[in-house]
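Naming convention: chains lettered A, B, ... in sequence-line order (proteins, then strands); numbering from 1 in each chain.
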Amino acid sequence: MAAIRYIRNDKGSEGVEKTYNPSQVENRWYSEWTNRKLFAADEHADKPKYSIVIPPPNVTGALHMGHALNDTIQDVLIRWKKMSGFEALWMPGTDHAGIATQAVVERRVFETEKKNRHDLGRKALVQRIWEWKDEYEARITGQLKKLGCACDWDRQRFTLDETCSRAVRETFYGLFKKGLIYRGKRLVNWDTHLQTAVADDEIFYETVKGNMWYFRYPLADGNGYLPVATTRPETILGDTAVAVHPEDERYRDFIGKMVKVPFVDREIPVIADPILVDPAFGTGCVKVTPAHDPNDYQTGLRHKLPMINILTDTGDINENGGPFSGMPRYVCREKLVEGLEKLGLLERVDPYETQVGHSDRSKTPIEPYLSDQWFVKMGDLAERAMGAVRDGKVKFYPARYAKSYLDWLGEKRDWCISRQLWWGHQIPIWYCDTCSEQDLINAFGAGDNVSWTRAEDTWLICARDGDLGSDALGSSHELRRDPDVLDTWFSSALWPHATLGWPKQTESLKAFYPTSVLVTNRDIISLWVARMVITGQENLGVEPFQDVYIHATVMDGKGQRMSKSKGNGVDPLDIIEKYGADALRYTMASLSSDNQDARLPVRPEKQSDGRMINVSEKFELGRNFANKLWNASRFLLGNIDQSLKFTSLPEDLKAEDLWILSRLNRTAEAVNQALENYRLSEVCHLLYDFTWKDFCDWYVELKKSDLYQSDDHQRKENALNTSSYVLGSILKMLHPVMPFLTEELWMHVRKRVSYEKVIDSEYIMQATYPVADSTRIDEAIELRFASLQEIITALRTIRAENNITPDKKGRAIVIPVDDEQAEWLKSQADVINGFGRLSETIVDRNADKPGFAGQGIVRGTQVYLLLEGLIDPEVEIGRLEKEIEKTRKLVKGTEKRLNNSGFVDKAPKAVVDKEKEKYEGLLLNLQKLEKSLEAFKQ
RNA sequence: GGGCGCAUGGCUCAGCUGGUUAGAGCGCCGCGUUCACAUCGCGGAGACCGCUGGUUCGAAUCCAGCUGCGCCCACCA
């Protein structure tokens, strides 16, 4: 039966199926777009430029819905700008994500081969990671393509590729030469199991049941002791001071005296430090171990204390541990406590729960560990980057995020850029302990490719490019390369210009730098956004983007941030499989408001082939919308005869044509403005309402009488003409959000319609984006239409509430407020008849109010539905009473306002006048309703 | 602990510079096979806009406090 209907409905529109089938359409169009190189941006094009660099996804794993939102937004912007006359570049790429990627690969190698990285060796491990990278980069790229992203794939970059590496080296060299990169000590989070430093965000805290040990620090002169509490007794071996609060009466006299560290017999001072010590906590005395505790480290810096490392790389006690040397640290802890007890120094032990940092990778406790690291001096760089936002050169949307940026930069904390990893850009520093500066000058003095500086025990030599090699200074002076790599963010920070070829002055760089907007998440404002501004200013003297659009963070149904590491990520491919890419895009875009979070509840669903995928009814919004547009198009196209060719709108436009054109242009205006301000959810709602409500529910329905019931050929043709015009505009406006569907429909439209200004390109993605023609916007006709719609709705309500079946036709009497309204409604009597299922509509200002009829009042116009015998008086009385009550409330409200002298005196005249007008109208309505109720009750 | 944000019908969210009869989608209820669409049409019910104060002629909207939640940053010897 469906087949029969299909054939009957589908006059001449071959191949347009009844429901939109996304999967068939999507792959076909994507390959078509890429084959035709429609995503390629030409740096030589004689057009204004627009560019976006993708926030490069980490190659740690596949993309989730958070990325899908991020990429949808960018694609909408890119496609919109392309259609708006810009040469738009969307630069794709991925990030090597140092620690995270090395960690996943190390873990996998360990699981499958029971080998750690030392077993494998640097070269082999890095090789494995490259293989992983290739696999996931391909997967990510595939996901982006499925999403429909209009990336210029020929330009795809990777943060570790040749081009990016060149930029990293150039930047490092430049900063080093200026003295902005230096070597220093820093406490790192040491993973004793993997023997590597881990990043702060790779640490999870776990509550561990431990003890608080209270013991005595004996004074060196033998006269008494200081009570100290600790959760890590073994660190006593590295203590270099005991601190008290300067105003603590109990210990004031001890300040400046010396105490003796048990077991190693080191004498250390008692110092006063108001920052470290909280007199109310513990004993009020704090042992200070600068080499193994972040706070103590800071204290150590303040007081210039020695920093004694007591651990080996594997977490055992080193040669500084006296009798405990060689013990694993937890064994040492036990033995040391026993020792304290034997010495009579242990006071008591309390059970105590502490938050202990654990490595996310090895799940073992991390140890703060002092080591040599490389830093970037942030002072001046940060100040300049702050200036960019303060001066408005870089603008945040929403503006509140500027604060995150400024606050973080304001701390001006030096940036630790070295990581004890193998996966990443190896630091371009070589050490030479034995040579003289003259040796360096002899070897590297010519040109500007090597720079050096003296450290206490060695030369620090930085090469601009390439590998210096171990014997560049001859066989007598060995060069050693620093084994560490750079923080991932060091290369990410260069992304906007590195991807365009910098330091080469490429045409691409000239054309597309600075980029137009950065679209990203709020949690990397400091890590990434701020650093891009810094390097952009430093390397090119120009900020890397004008706008920063921070979009919502996608949360799961429980309100947890969706992330790869949490494992709660939802694969966009699941959603695409179930609902289609356009549905995904539309739904995600409509979620993209100024809010900072977007919840996305999903549930697993078994597919017919047994696979489980994640689905969410939220995407039905987008799927249904796609289907609606599909069917509206199918309907119109099915009615257009092959022989018709429209080249311009008809001469004599009817009222509904003027109305839909006004609505269309108003929508185009609002949509462009919303896009300009990154208000994508607004864009979606505007287009949804215009398409579904204005166009489908009213306009197309209105035109059906022309199509079905008219013998007038011209009328029919005009109806199709105007409808196609509007449809074409809808497709274009919607294309950035729903690219596949609109491209597919565009193809069908083009077969039948050829407007010069609307159907103006072979591919919709190259067509011109509609802009508002303000001469088409007609306030008056929209108001008239609104009243017509409300009258029809009033009639429909009466019918529905009284359970009047569609087959029963009634008559209506409409009593308008004035002659103009009367004339308008008379001209639309057929419409009212059709939409209200009426045999007749009498529009007459002087008509008598019918005695028995369903009633509504719309903007003062009285609407009566005469259906003697069909209307239940009880129902009508109920309706009227409710209506009256509602109106009374409103009357009371406005009355109160108008009686308030404060309002009348102080509010703007326009507001007061409007209120008065409203009041009079409401009173009139109330009178009429009350009269009707009276009549009914008789 | 510091910062930012959120709290609007059962659910997910709009409501941008204070003046709206507080909206939408889903869900719910009723009716509906006239040939675009049941992934649909028509109609309806459902909200003291977290709480308490304040500013104002007027507050969902601005301010303060409180409560609950989320995120980021820093973290306790």
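- Among the nucleotides B:C13, B:A77, B:G43, the one closest to any side-chain atom of A:S593 is B:C13.
- For A:T797, a side-chain nitrogen or oxygen approaches OP1 or OP2 of B:G44 to under 4.0 Å.
- Under a cutoff of 6.0 Å and an axis angle of 45°, A:R623 and A:Y579 do not form a cation-pi pair.
- The side-chain contact (heavy atoms from CB on, under 4.5 Å) check on A:K395 picks up A:Y397, A:D547, with sequence neighbours excluded.
- Partners of A:R522 under the side-chain contact (heavy atoms from CB on, under 4.5 Å) rule, at least two apart in sequence or in another chain, are A:Y401, A:I525, A:I550, A:T553, A:Q596, A:D597.
- By the 4.5 Å heavy-atom criterion applied to side chains, A:L591 and A:L680 are not counted as neighbours.
- The listed nucleotides are B:A77, B:C73, B:C76; the one nearest the side chain of A:P294 is B:C76.
- When heavy atoms are screened at a 4.0 angstrom cut-off, A:D905 is found touching no nucleic acid atom at all.
- Listed by chain and number, the residues in a side-chain contact (heavy atoms from CB on, under 4.5 Å) with A:T19 are A:N627 (sequence neighbours excluded).
- A stem is defined here as three or more consecutive Watson-Crick or G-U pairs, each with both distances under 3.5 Å; for RNA chain B these stems are B:1-7 with B:67-73, B:10-13 with B:23-26, B:28-32 with B:40-44, B:50-54 with B:62-66.
- In this view, A:Y549 and A:S592 satisfy the side-chain hydrogen bond (donor to acceptor under 3.5 Å, both in side chains) rule, not counting sequence neighbours.
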Item to check | Base-contact (B) and sugar-phosphate-only (S) positions in nucleotides 17-29 of chain B, heavy-atom cut-off under 4.0 Å, - elsewhere | outcome: --BSB--SSS---

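- Residues that satisfy the side-chain hydrogen bond (donor to acceptor under 3.5 Å, both in side chains) test with A:E915, not counting sequence neighbours, are A:R897.
- Checked against side-chain contact (heavy atoms from CB on, under 4.5 Å), A:T240 has the following partners two or more places apart in sequence or in another chain: A:P290, A:L305, A:P306, A:I308.
- Along RNA chain B, the nucleotide closest to A:T230 and the one closest to A:D697 are compared, and the more 5′ of them pairs with A:D697.
- The CD-C1' distance, from A:E801 to B:G30, rounds to 9 Å in whole Å.
- Taking the side-chain hydrogen bond (donor to acceptor under 3.5 Å, both in side chains) definition, one finds that A:N925 meets it with nothing, sequence neighbours left out.
- Among residues two or more places apart in sequence or in another chain, the side-chain hydrogen bond (donor to acceptor under 3.5 Å, both in side chains) test is passed with A:E790 by A:R859.
- Each salt bridge (Lys or Arg N to Asp or Glu O under 4.0 Å) pair with one or both residues in residues 672-688 of chain A, not counting sequence neighbours, appears once here: A:K81-A:E676, A:R679-A:E682.
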Can you check nucleotides 2-5 of chain B for protein contacts, nitrogen or oxygen pairs under 3.5 Å, and list what you find?
residue: B:G5; atom: O2'; partner: A:Q596; partner atom: NE2; Å: 3.1

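- In this structure, A:R413 reaches the B:A74 phosphate: one of its side-chain N or O atoms is under 4.0 Å from OP1 or OP2.
- Neither OP1 nor OP2 of B:C31 sits under 4.0 Å from any side-chain N or O of A:N803.
- Comparing B:A77, B:C57, B:G43 by their closest approach to the side chain of A:N900 singles out B:C57.
- Here A:K882 lies in heavy-atom contact (under 4.0 Å) with sugar-phosphate atoms only.
- Nearest-nucleotide positions on RNA chain B place A:A598 closer to the 5' end than the other of A:W698 and A:A598.
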